[in-house]
Amino acid sequence: MSFNATPFAERRARLIASMQQAGGGVAIIPTAPEVMRNRDADYPYRHDSYFYYLSGFTEPEAVLVLIAGRESRSILFCRDKNLEREIWDGYRFGPQAAQQQFAFDAAHPIDELDKSMPALLADAPAVYYALGHDDKRDAQLQRWMQGVRALSRSGVAAPGSVVDVSVLVDEMRLFKDAFEIDLMKRAGVISAEAHCRAMRLSRPGLREYHLEAELLHEFRRNGSQYPAYGSIVATGANSCVLHYRAADAELKDGDLVLIDAGCELDGYAADITRTFPANGRFTGPQRELYDIVLAAQAAAVAETAPGKRFMDGHDAAVRVLAQGMLDTGLLDKRKVGSLEDVIEKGDYRQFYMHRTGHWLGMDVHDVGDYRDPPAADGSKPWRTLQPGMVLTVEPGIYVRPGEGVPEKYWNIGIRIEDDAHVTPTGCELLTTGVPSKADDIEALMRQA
Ligand code: GLY
Ligand code: MN
Ligand code: MN
């Protein structure tokens, strides 16, 4: 598929328009640095999400400069063509081809950045830049500002303020356009297929890394560049460790496997969790807790709609989970009291200690404010959901062994996570390609 520069150019135009509304200025958005892993070997390169959002350009050593003045301009600084380096490392666009293919107004070699920036910043009312993320970049900006001030005798002024550009771009990124939703749907389809593959191939005696390999196989063969985050493949007691990473534990007959994994496709993440029995059949106690988590997820999905608040889904999930904890005896009614008491005092946190969701986009924990602007009384209500937002819905129950905790539930960790796109009428789940009902999971695993 040929590269479509239009969505990226439109985003640049929108950012420039909001800068112009605020009086104009110059935005500086660098991409991520390459990072050395160990002697001569670097980590797989991943561009910066802000930079990519506004450029579509994935090479390292690049900086985007947007000018919002009487005239507006987008300028890319990128690596120059270099036959010697291209023989070793592969193709580089170089400024000329990058300018054409990515629809910038101009492009220059990155080596010219230091020389060009003081002149570009001269007389700009403000610099739009995300300070405090990279010391080297911050120092570079300081040098450029000193460069402009050195020109003051020739009648130019240095920018009077530095504005955090990420505040403007975060708000744009929170609302996904049609191009982004399409990509996120494809990332969801590939990731769901990877979960199905892992379920089908699961059997006692395998190790966690075997299932991780199956996930990677499905991601890569469908064109995903890499996992969107370190895959969690956790069996037995490991399923109760929230940030566990796939390791070498053996899948035991009668144990559950919790997989939290999603691919990144052309810069966009999917984030799916499924929990299934290693041998294809839930035990009675596993199934009891599983159905509570599934019901909690359904309750949270029902609260994921325009006009609802970000935490409504969490509150709905907590209600179902807490009731389930009382019904199963995970929480002892005589000790903790009624459902309302459990919710108010937070006793459910012994078994459910995380939030039910987060924004999802280019970053798995994506940017965007979780609160609406302050109300008249100074309170900051949770964000009102609106069409175009994408968030995860991921309740769970994690039972560590403990005094008073019924033994039949010990070491059961369950999470069910799907990705929801808020639509004008409710929400659309992007990750339904992998079953989540216990019967459907067992049916899929019987096909193996
Ligand atoms: N996979 C990270 C999360 O679910 O938040
Ligand atoms: Mn998540
Ligand atoms: Mn997840």
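Count residues from 1 along the sequence. Counting convention: from 1, in listed order, for ligands and their atoms alike.
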Check: Backbone or side chain, does any N or O of Arg415 fall under 3.5 Å from an N or O of ligand 1?
Finding: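 Not met; the criterion fails.
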
Next item on the list: Mind reading off the angle at the Mn ion (ligand 3) between the OD2 atom of Asp260 and the OE1 atom of Glu417, rounded to 10°?
Entry: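 About 100°, to the nearest ten degrees.
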
Check: Are the aromatic ring centres of Phe102 and Phe93 under 6.0 angstrom apart?
Finding: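 Yes, the ring centres sit under 6.0 Å apart.
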
Margin query: Taking the ring of His243 and the ring of Tyr229, is the distance between their centroids below 6.0 Å?
Written below: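 When the ring centroids of Tyr229 and His243 are compared, they turn out to be at least 6.0 Å apart.
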
Margin query: Taking backbone and side chain together, does His358 place any N/O/S atom at a distance below 2.8 Å from the Mn ion (ligand 2)?
Written below: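 For His358, the answer is yes, given that an N, O or S atom comes within less than 2.8 Å of the Mn ion (ligand 2).
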
Item checked: Atoms of ligand 1 close to Glu417 [distance to a heavy atom under 4.0 angstrom, numbered from 1] ->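 Answer for ligand 1: 4 (O).
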
Checklist line | Numbering as shown, the atoms of ligand 1 that approach Tyr229 to under 4.0 Å (heavy-atom distance) | finding: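 Listed by number with element, the hits are 1 (N).
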
Next item on the list: Among the N/O/S atoms of Asp271, select the one at the shortest distance from the Mn ion (ligand 2) and name it.
Entry: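 The nearest such atom is OD2.
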
Checklist line | Atom name in Glu394, limited to N/O/S, at shortest distance from the Mn ion (ligand 2) | finding: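 Output for this pair reads OE2.
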
Next item on the list: Ignoring hydrogens and angles, state whether a donor on the side chain of Asp419 or Thr431 is under 3.5 Å from an acceptor on the partner side chain.
Entry: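 No pair is found: no donor N or O on one side chain lies under 3.5 Å from an acceptor on the other.
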
Item checked: Distance-only polar pair, side chains of Thr6 and Asn4, donor-acceptor under 3.5 Å ->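 There is such a pair (donor and acceptor under 3.5 Å, judged by atom type) between the side chains of Thr6 and Asn4.
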
Note to self: Does the residue His365 have a heavy-atom contact with ligand 1, meaning some pair of atoms that are separated by less than 4.0 Å?
What the structure shows: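 Heavy atoms of His365 do come under 4.0 Å of ligand 1.
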
Next item on the list: Just say parallel, tilted or perpendicular for the rings of His358 and His365, cut-offs at 30° and 60°.
Entry: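 It falls in the perpendicular class, over 60°.
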
Check: Which of parallel (below 30°), tilted (30 to 60°) and perpendicular (above 60°) describes Phe282 and Tyr290?
Finding: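 Ring orientation, 0 to 90° scale: tilted.
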
Checklist line | Salt bridge Arg319-Asp315, side-chain N to carboxylate O under 4.0 Å | finding: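 Not counted as a salt bridge, because no side-chain N and carboxylate O are separated by less than 4.0 Å.
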
Note to self: Could you identify the single nearest non-hydrogen protein atom to atom 3 (C) of ligand 1 and state the distance to 0.1 Å?
What the structure shows: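 It is Asp271 OD2, 3.4 Å.
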
